[in-house]
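For reference, the structure discussed in these notes is given below.
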Amino acid sequence: MWNVPAGHPQGAGDVRSWRALTHEIERCELCPLHRTRTHAVVYRGGLAPRVVFVGEAPGDVEDRTGLPFQGRSGRRLDTAIGRLGLGSEEFGVLNLIKCRPPENRYDPRAARACRPYLDRQLAWLRPRVRVTLGAHALRALDPEAPPVLQAAGSPRGTRDGPLFPMIHPAAALRSRRLADRWERDVDALGAWLRAGAGQSV
Ligand code: SF4
């Protein structure tokens, strides 16, 4: 299931530690969300990604499939990834919170309980670039950032490396204005990646 390209810093042998982390999350009972989940939603993508997209929490389709960013907002994200020209091993997708919050309401206590998993996943994957999707992911990875509508579309330097904030793809489904904003920010991300993202922030 997991293919680690030759030369990856983690080494093919260490894929066992990724599997162990995945299983740990799938069995986690650290917060009450485990009682109502169908699946913990851990990750999809390659194990040596250039770019990792960080969302907020799974919704209904994700809870049923066990995969992040399915349904309409997932299709919008995948269309953007296609436009960026990222191959299947070159990107990854995950969430701050691994289990679906009831009524899809953001749950700060679950976010705090779940945060170490995100940090461990990012430390293992070591992406060159992290792309936050929505306000909560931005606040979690860059507490100093301005509000998401102000920050989205421009790269930022952080202690943990380069970060590119975007609005959440679900927001882009809500209005023409936000859909246009999403498209512009995808283009800006593409230009930044082509220019050697991370060297200029
Ligand atoms: S949301 Fe995170 S901390 Fe809570 S049960 Fe799921 S995996 Fe564990």
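Below, each value reflects all heavy atoms present in this structure, side chains not excepted, and no hydrogens, waters or symmetry copies. Just so it is clear, the model here is predicted, and its values are computed rather than measured. One-based numbering, in listed order, for ligands and for the atoms of each.
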ring-ring contact (aromatic ring centres under 6.0 Å, His included) pairs touching residues 53-100, sequence neighbours excluded, are Phe69-His168
Would you say Arg109 has more than 12 foreign heavy atoms packed within less than 6.0 Å of its CZ?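 At most 12 heavy atoms, drawn from other residues, nucleotides or ligands, come within 6.0 Å of this atom.
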Do you reckon Leu67 sits in the same ILVMFWY cluster as Leu118, going by side-chain contacts under 4.5 Å, direct or chained? no
Give the atoms of ligand 1, by number and element, whose distance to some non-hydrogen atom of Arg37 is under 4.0 Å.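 Counting atoms of ligand 1 from 1, those under 4.0 Å from Arg37 are 5 (S), 6 (Fe).
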Which count of protein N, O or S atoms is obtained for distances strictly below 2.8 Å from atom 8 (Fe) of ligand 1?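 Protein N, O or S neighbours of atom 8 (Fe) of ligand 1 under 2.8 Å, waters not counted, come to 1.
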Would you compute the distance between atom CG of Leu125 and atom CD of Gln121 and round it to the nearest 0.5 angstrom?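 So the CG of Leu125 and the CD of Gln121 are separated by 7.0 Å.
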Just to verify, what does Glu24 make a side chain to side chain donor-acceptor pair (under 3.5 Å) with, not counting sequence neighbours?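 Side chain to side chain donor-acceptor pair (under 3.5 Å) check on Glu24 returns Arg120.
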Output every pair passing side-chain hydrogen bond (donor to acceptor under 3.5 Å, both in side chains) with a member in residues 46-64, not counting sequence neighbours, ordered by first then second residue. Thr38-Asp63, Asp60-Arg64
